[in-house]
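Report on the following structure.
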Amino acid sequence: MCGIAGIVSHQNVNQDLYDALTVLQHRGQDAAGIVTCENGRLHLRKDNGLTRDVFSTEQMVKLKGKMGIAHVRYPTAGCSSSSEAQPFYVNSPFGLTLAHNGNLTNTEQLKKELFIEDQRHLNTNSDSEVLLNIFAHELQQLGKLDLNQDDIFKAVQGVHRRCKGAYAVVIMIPNIGIIGFRDPHGIRPIAFGQRQSEQGTEFMIASESVAFDVLGYKIIRDIAPGEAIFITEDEQIYTQQCAEKTDHCPCIFEYVYFARPDSIIDKISVYKARLRMGDKLAAKIIKEWPEHDIDVVIPIPDTSRTSALQMANTLGIKYREGFIKNRYIGRTFIMPGQQLRQKSVRQKLNAIDLEFEGKNVLLVDDSIVRGTTSEQIIQMARDAGAKKVYFASAAPAVRYPNVYGIDMPAAHELIAHNRNEDEICTAIGADKMIYQDLEDLVDSVRAGNPDIEKFDTSCFDHQYITGDIDDTYLQNIEALRNDDAQAEKKIATEIIDMHNSH
């Protein structure tokens, strides 16, 4: 998962892009980057780390220009080398830079085409560099020096014809403008907005609506699946549908976990969707377990708070904060090794014994992926004096890998893979396990925008909406994503970075 932003303004955009990345930081903590354009010259700064660590005051001053794009990243099946931090740059044609959120599913095929047919060199393993070179080739094939909106849209059409998978993209062309576009399924979020300054209208493209809110932009709308938006350097705006066929299927995990609760994505309030998830889960408990003996509902911070609070209200049970979170520890399920994940849980959360002692506790989380965190948290609750520990997930059982830009692990590392609910309950050490039903999850989200008929729910039901995912593909990504492979990549990356530093 990544966060992207692009701005065309009447003033330097470096500070606004930095601020946008800070509110999109939840979408990626692995690397950050900003590139700006000043009189046709690009200024780039990117590196591994959080936004606040990548950019010093001295570096920010150098990022001059009234147009720019930015990116925060965490790796999917690729490595974490600083060479794969975005935005990416290619000099031909025109000097293009790109920031991408998502994951291409036909990357290997495209790499061969780029080398053999397009005669383009790739310098990393990132599918984002592949996407950039596909767009560059499509633009170069037009053979024009002066580009207009029709040329831009033809290049995007070429991307849609060749690229499969999930992609929300911003591209900057020096002296020309910024382009934003979305894959024909609309899997990853992207929207655009505007604000008025003393000099005139300024435009912004970003992954989530919170970025617009913080910077004083008014969101115009989401970019539609397959659509492209072109904002010229002199603030002219053009939009066009560039895909032959579209099928709007946004990723439902955005609403479960990744997006900020104060975001609105595809006209759906993330906060209200999570409230409805809590209502649905409480209704399931009332129906299937009417004689429950739950004394208190406690969320596992932070994402599950909204659903847990609504569950407690619907059930008529006390809601309490039982865990205090250390906000300086990163997300655990994207950490590159089981031992590190296990160690981090105790550093990340501390239990308030008074809220557990002698009580039957219902712990609520947004989802369960590997189960490592859940098992340890349940033990923490017992150590704090809980009589019984029940566990509820606001999402259904995650049984399959996500191939569209979320770094969910290899199938055999998922706690729910090839296990039923009772077996999962035993594996994590709970007294009872309650999962959200998939139909209820979809209803909770879709209620915010009935025009969306279906969502990408592949990690729950194995239905991959792009239609190009088979067992061979899943076996290949499993080889890339399992813990041993990630550990080997980490060592290799450290060696490469050490070599480059000398």
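Every heavy atom of this structure was used, including side-chain atoms; hydrogens, water molecules and symmetry mates were not. Since the model is a prediction, treat every value here as computed from it, not as a measurement.
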**OP:** May I ask you to say whether Asp213 pairs ionically with Arg260, meaning some side-chain N is under 4.0 Å from a carboxylate O?
**Re:** no
**OP:** Heavy atoms only: give me the nearest Ser263-Val210 pair and the separation to one decimal.
**Re:** OG-CG1, 3.4 Å
Subject >> Lys267 atom NZ, over 12 foreign heavy atoms within 6.0 Å >> reply: no
**OP:** Please confirm whether the backbone N or O of Ala85 pairs with a side-chain atom of His71, one donor and one acceptor, at under 3.5 Å?
**Re:** no
**OP:** Please determine if Arg188 and Glu254 form a salt bridge, counting it only when a charged side-chain N lies under 4.0 Å from a carboxylate O.
**Re:** yes
Subject >> Under the side chain to side chain contact (heavy atoms under 4.5 Å, CB included) test, residues paired with Lys272 that sit two or more places apart >> reply: Ser269, Arg276
**OP:** List the steps and the verdict of side-chain contact (heavy atoms from CB on, under 4.5 Å) for Val270 and Asp262.
**Re:** CA-CA 7 Å; Val270 176; Asp262 46 343; over 6 Å; no
Contacts table for residues 168-179: side-chain donor-acceptor under 3.5 angstrom, sequence neighbours left out:
from: Asn175; atom 1: OD1; to: Gly40; atom 2: N; distance (Å): 3.3

**OP:** For residues Ile7 and Tyr217, determine if any side-chain heavy atom of one lies less than 4.5 Å from a side-chain heavy atom of the other.
**Re:** yes
Original post:
If you take all heavy atoms of Pro299 and Ser304, which pair is closest and at what distance?
Top reply: CB-OG, 3.7 Å
Subject >> Phe258 and Phe253 aromatic ring geometry - parallel, tilted or perpendicular at 30°/60° bounds >> reply: tilted
Original post:
Are Leu63 and Leu17 side-chain neighbours, meaning at least one heavy-atom pair lies under 4.5 Å?
Top reply: no
Subject >> Check against side-chain hydrogen bond (donor to acceptor under 3.5 Å, both in side chains), Thr105 and Asp468 >> reply: CA-CA 8 Å; Thr105 56; Asp468 59 337; 2.6 Å; yes
Subject >> Glu117 atom CD: more than 12 heavy-atom contacts under 6.0 Å >> reply: yes
Subject >> salt bridge (Lys or Arg N to Asp or Glu O under 4.0 Å) between Lys144 and Asp150, worked out >> reply: CA-CA 12 Å; Lys144 296 182 67 175; Asp150 292 332; over 6 Å; no
Subject >> Close side-chain approach of Lys62 and His43, heavy atoms under 4.5 Å >> reply: no
Original post:
Is any side-chain heavy atom of Val398 closer than 4.5 Å to a side-chain heavy atom of Phe460?
Top reply: yes
Original post:
What's the verdict on side-chain contact (heavy atoms from CB on, under 4.5 Å) for Ile469 and Tyr404, showing C-alpha distance, side-chain angles and the deciding distance?
Top reply: CA-CA 11 Å; Ile469 307 302; Tyr404 301 124; 4.1 Å; yes
Donor-acceptor contacts under 3.5 Å from residues 88-97 side chains, at least two apart:
from: Ser92; atom 1: OG; to: Gln140; atom 2: NE2; distance (Å): 2.8

Subject >> Contact summary for Ala166 and Asp183, nearest pair of heavy atoms >> reply: CA-OD2, 3.4 Å
**OP:** With the side chain counted from C-beta on, respond yes when Phe230 and Val156 share a heavy-atom pair under 4.5 Å apart, and no when they do not.
**Re:** no
Original post:
Should the heavy atoms of other residues, nucleotides or ligands under 6.0 Å from CG of Asp470 be counted, would the total exceed 12?
Top reply: yes
Original post:
In chain order, what residues pass the side chain to side chain contact (heavy atoms under 4.5 Å, CB included) check against Glu235, with sequence neighbours excluded?
Top reply: Val8, His10, Phe203
Original post:
To the nearest 0.5 Å, what is the distance between OG1 (Thr239) and CD (Gln149)?
Top reply: 10.5 Å
Subject >> Residues in side chain to side chain contact (heavy atoms under 4.5 Å, CB included) contact with Asp451, at least two apart in sequence or another chain >> reply: Asn449
Subject >> salt_bridge(Arg41, Glu38) N-O dist < 4.0 Å >> reply: no
Original post:
Is it the case that more than 12 heavy atoms not belonging to Lys280 sit under 6.0 Å from its NZ atom?
Top reply: yes
Subject >> side-chain hydrogen bond (donor to acceptor under 3.5 Å, both in side chains) involving Lys64 - partner list, sequence neighbours excluded >> reply: none
Subject >> Intermediate values then yes/no, side-chain hydrogen bond (donor to acceptor under 3.5 Å, both in side chains), His100 and Gln86 >> reply: CA-CA 8 Å; His100 163 222; Gln86 297 185 40; 4.9 Å; no
**OP:** Could you tell me the separation between the OG1 atom of Thr36 and the CE atom of Met60, rounded to the nearest 0.5 Å?
**Re:** 9.5 Å
Subject >> Non-neighbouring partners of Glu138 that pass side-chain hydrogen bond (donor to acceptor under 3.5 Å, both in side chains), sequence neighbours left out >> reply: Arg162
Subject >> side-chain contact (heavy atoms from CB on, under 4.5 Å) between Leu414 and Arg399, intermediate numbers included >> reply: CA-CA 6 Å; Leu414 297 167; Arg399 302 185 186 278; 5.6 Å; no
Original post:
Do the side chains of Ile205 and Ile231 get nearer than 4.5 Å, heavy atoms only?
Top reply: yes
Subject >> Verdict with supporting geometry, Glu129 and Ser126, side-chain hydrogen bond (donor to acceptor under 3.5 Å, both in side chains) >> reply: CA-CA 6 Å; Glu129 189 187 15; Ser126 173; over 6 Å; no
**OP:** For side-chain contact (heavy atoms from CB on, under 4.5 Å), just list the numbers for Asn125 and Glu84, CA-CA rounded to whole Å, side-chain angles, deciding distance to a tenth of an Å, and then say yes or no.
**Re:** CA-CA 8 Å; Asn125 292 319; Glu84 297 197 6; 3.6 Å; yes
Subject >> Counterpart residues, side chain to side chain contact (heavy atoms under 4.5 Å, CB included), relative to Lys454 (two or more places apart) >> reply: Asp247, Cys249
Original post:
What pair of heavy atoms forms the shortest contact from Gln29 to Leu50, and how long is it?
Top reply: CB-CD2, 3.5 Å
Subject >> Other residues, nucleotides, ligands: >12 heavy atoms within 6.0 Å of Arg221 CZ >> reply: yes
Original post:
Which residues pass the side-chain hydrogen bond (donor to acceptor under 3.5 Å, both in side chains) test with Thr22, sequence neighbours left out?
Top reply: none
Original post:
According to the ring-ring contact (aromatic ring centres under 6.0 Å, His included) rule, which pairs have a member within residues 110-163, sequence neighbours left out?
Top reply: His160-Tyr167
**OP:** Report the C-alpha separation of Lys154 and Asp151 in whole Å, then their side-chain angles, then the decisive distance to 0.1 Å, and conclude whether the salt bridge (Lys or Arg N to Asp or Glu O under 4.0 Å) test is met.
**Re:** CA-CA 5 Å; Lys154 284 179 184 177; Asp151 302 320; 5.0 Å; no
Subject >> Sequence-distant partners of Tyr464, ring pair (Phe, Tyr, Trp, His ring centres under 6.0 Å), two or more places apart >> reply: His462
Original post:
Is Gln157 close to Gln240 at the side-chain level, that is, under 4.5 Å between some pair of heavy atoms?
Top reply: yes
**OP:** Compare every heavy atom of Pro184 with every heavy atom of Lys245, then report the nearest pair and how far apart it is.
**Re:** O-CB, 3.5 Å
Subject >> Over 12 foreign heavy atoms within 6.0 Å of CG, Asn39 >> reply: no
Original post:
Do Ser56 and Glu58 have a side chain donor and acceptor closer than 3.5 Å?
Top reply: no
Original post:
What heavy-atom pair brings Ala20 and Ala211 nearest, and what distance separates the two atoms?
Top reply: CB-CB, 4.5 Å
Subject >> Pairwise side-chain contact, Asp456 with Asn402, heavy-atom cut-off 4.5 Å (strictly under) >> reply: yes
**OP:** Name all residues meeting the side-chain hydrogen bond (donor to acceptor under 3.5 Å, both in side chains) criterion together with Gln475; count only those two or more places apart in sequence or in a different chain, and write none if there are none.
**Re:** none
